[in-house]
Amino acid sequence: MVQITQTDEEIKIIIELNRLITRKPDIVLLPTYLKFNNPPIFFERHLTQEIDEMASFCRILKNEARIVLIKKEKGMWPEIFQKLSKEELFQKRLEVSDQIVLRNKERDEKALERYELKRRNEIDREVRRETVMRERVKQFHEQACREAMTVAPKETHMKTKGDLSSHGSSSARASSRVGTPIAPRSMPALRSSARINVQFSTFKFDTPKRESQEGIQRPFVVESVPRSTDSNESNTSAQP
């Protein structure tokens, strides 16, 4: 069941749904065309006058679909939908299909432009952030170098009470200076030239001479080992 009402500003179409919608319906809104396709429900009409397709909308509720068409020109329409024959309806569908293709192409191009713009903005933000971080690191490095080069002035004489009172302001300014003093490094003492006296002892150690030095060659003899263990075994066996 379809209910259609209109006012001077809009046209409201209510389509009753016999069951819950399980998938997204196919809804097309053009200046002079309307289509709602959710099988088995199919609603298609050609309008007599133009509407604002960007301001028009469709809401899917629990048991119905509400389509609100915003009129471009305010006023009551004597006829809302066109009465077309089969041939005219077929021709209109071809024209509408071409319009849908062109609209989808324009929508894709706009979506691509928005994506490119968003990506470009993200890259610009990243570049600015990296530049700020580099500038901060550079400033910190320069400040650290200046503090390392700053050395507190040394006092060359003892100050009296009069000097302290007269130079109070200068000492306050000097104490207010922030700096990292450099610790003095002591230079190593230089060695003096001298002569080292070295003396050697008269200790003498004689080593035994070798056979080649003695001139006498000793024959190679295999010495026999006394068999004391065998005699002992025989004596023990002879005892009762």
Side-chain angles (χ1 to χ4, degrees), residues 1-140:
M1 184 177 177
V2 180
Q3 297 178 4
I4 301 172
T5 58
Q6 70 166 323
T7 61
D8 293 341
E9 297 180 355
E10 64 183 16
I11 299 172
K12 185 180 292 184
I13 302 172
I14 300 175
I15 302 174
E16 293 184 2
L17 304 176
N18 299 329
R19 57 188 177 127
L20 295 176
I21 294 179
T22 57
R23 63 185 182 88
K24 186 177 180 181
D26 183 15
I27 302 171
V28 180
L29 295 177
L30 294 176
T32 58
Y33 178 75
L34 165 66
K35 183 178 77 172
F36 180 87
N37 184 19
N38 184 29
I41 300 172
F42 181 79
F43 182 78
E44 182 184 29
R45 293 292 185 274
H46 292 271
L47 305 174
T48 56
Q49 300 184 30
E50 294 185 357
I51 60 172
D52 188 357
E53 57 178 333
M54 302 304 297
S56 303
F57 59 90
C58 177
R59 291 179 181 175
I60 307 298
L61 303 179
K62 185 177 181 180
N63 296 322
E64 61 183 16
R66 294 183 182 180
I67 302 174
V68 179
L69 307 177
I70 306 300
K71 298 179 180 180
K72 277 192 174 182
E73 297 180 359
K74 295 182 180 180
M76 298 296 293
W77 293 1
E79 293 290 339
I80 299 177
F81 305 120
Q82 298 180 15
K83 295 180 181 180
L84 303 173
S85 61
K86 291 183 179 181
E87 295 180 357
E88 293 176 350
L89 184 60
F90 180 75
Q91 187 66 27
K92 288 283 187 181
R93 284 181 179 176
L94 293 177
E95 296 176 358
V96 168
S97 62
D98 295 338
Q99 293 179 8
I100 292 173
V101 170
L102 292 175
R103 188 188 65 173
N104 293 338
K105 185 177 180 181
E106 292 177 357
R107 184 179 297 175
D108 295 341
E109 291 177 355
K110 290 181 180 179
L112 183 61
E113 290 178 0
R114 288 195 299 269
Y115 174 78
E116 292 293 337
L117 181 60
K118 182 179 178 181
R119 181 63 178 168
R120 195 179 299 110
N121 293 335
E122 291 178 355
I123 294 174
D124 293 340
R125 285 196 299 269
E126 188 69 19
V127 170
R128 288 196 296 269
R129 189 178 68 83
E130 291 291 337
T131 304
V132 171
M133 290 297 295
R134 290 176 182 175
E135 291 294 333
R136 289 182 180 178
V137 171
K138 184 178 179 181
Q139 293 177 3
F140 178 78

Open item on the list: I'd like to check I27 versus K35 (side-chain heavy atoms, cut-off strictly below 4.5 Å). Are they in contact?
Closed with: no
TODO: Test R119 against E116 for salt bridge (charged side-chain N to carboxylate O under 4.0 Å, His left out), laying out the working first.
DONE: CA-CA 5 Å; R119 181 63 178 168; E116 292 293 337; over 6 Å; no
- [ ] Measure the shortest side-chain to side-chain distance between F43 and N38 over non-hydrogen atoms and say whether it is less than 4.5 angstrom.
- [x] no
- [ ] Look at atom CE of M76 and say whether more than 12 heavy atoms of other residues, nucleotides or ligands are closer to it than 6.0 Å.
- [x] yes
Task: Test: E113 and K110 ion pair at under 4.0 Å - done: no
Task: Of R45, E44, R93, the residue whose pairing with Y33 passes side-chain hydrogen bond (donor to acceptor under 3.5 Å, both in side chains) - done: E44
Open item on the list: So, taking the atom named OG1 in T7 and the one named NZ in K74, what distance separates them when rounded to the nearest 0.5 Å?
Closed with: 10.0 Å
- [ ] Measure the spacing between CG of D8 and CD of E10 and express it to the nearest 0.5 Å.
- [x] 10.5 Å
TODO: Please round to the nearest 0.5 Å and tell me the distance separating atom CG of L47 and atom CZ of F81.
DONE: 6.0 Å
Task: Over 12 non-hydrogen atoms of neighbours within 6.0 angstrom of CD in E73 - done: no
Task: Spatial distance of atom CD1 (I70) from atom CD1 (I51) [nearest 0.5 Å] - done: 8.5 Å
Task: Side-chain heavy-atom pair Q82, E88 within 4.5 angstrom cut-off - done: no
- [ ] Report the residue from I67, I11, I15 that forms a side-chain contact (heavy atoms from CB on, under 4.5 Å) with I4.
- [x] I11
Open item on the list: Less than 4.5 Å apart, side chain to side chain, heavy atoms only: is that true for I60 and K24?
Closed with: no
Task: Separation of L69 CG from Q6 CD (nearest 0.5 Å) - done: 10.5 Å
- [ ] Give, for atom CG of L94 and atom CG of L89, the distance between the pair rounded to the nearest 0.5 Å.
- [x] 10.0 Å
TODO: Could you check if a side-chain atom of Q3 sits within less than 4.5 angstrom of a side-chain atom of E16, using non-hydrogen atoms only?
DONE: yes
Task: Neighbour count >12 (heavy atoms, 6.0 Å) for atom CZ, F140 - done: no
Task: L117 vs R120 side-chain heavy atoms within contact, under 4.5 Å - done: yes
Open item on the list: Can you confirm whether E109 is buried at CD, in the sense that more than 12 heavy atoms of other residues, nucleotides or ligands lie under 6.0 Å from that atom?
Closed with: yes
Task: Side-chain heavy-atom pair L30, I100 within 4.5 angstrom cut-off - done: yes
Open item on the list: Would you say that V28 contacts R103 through its side chain, given a criterion of any heavy-atom pair below 4.5 Å between the two side chains?
Closed with: yes
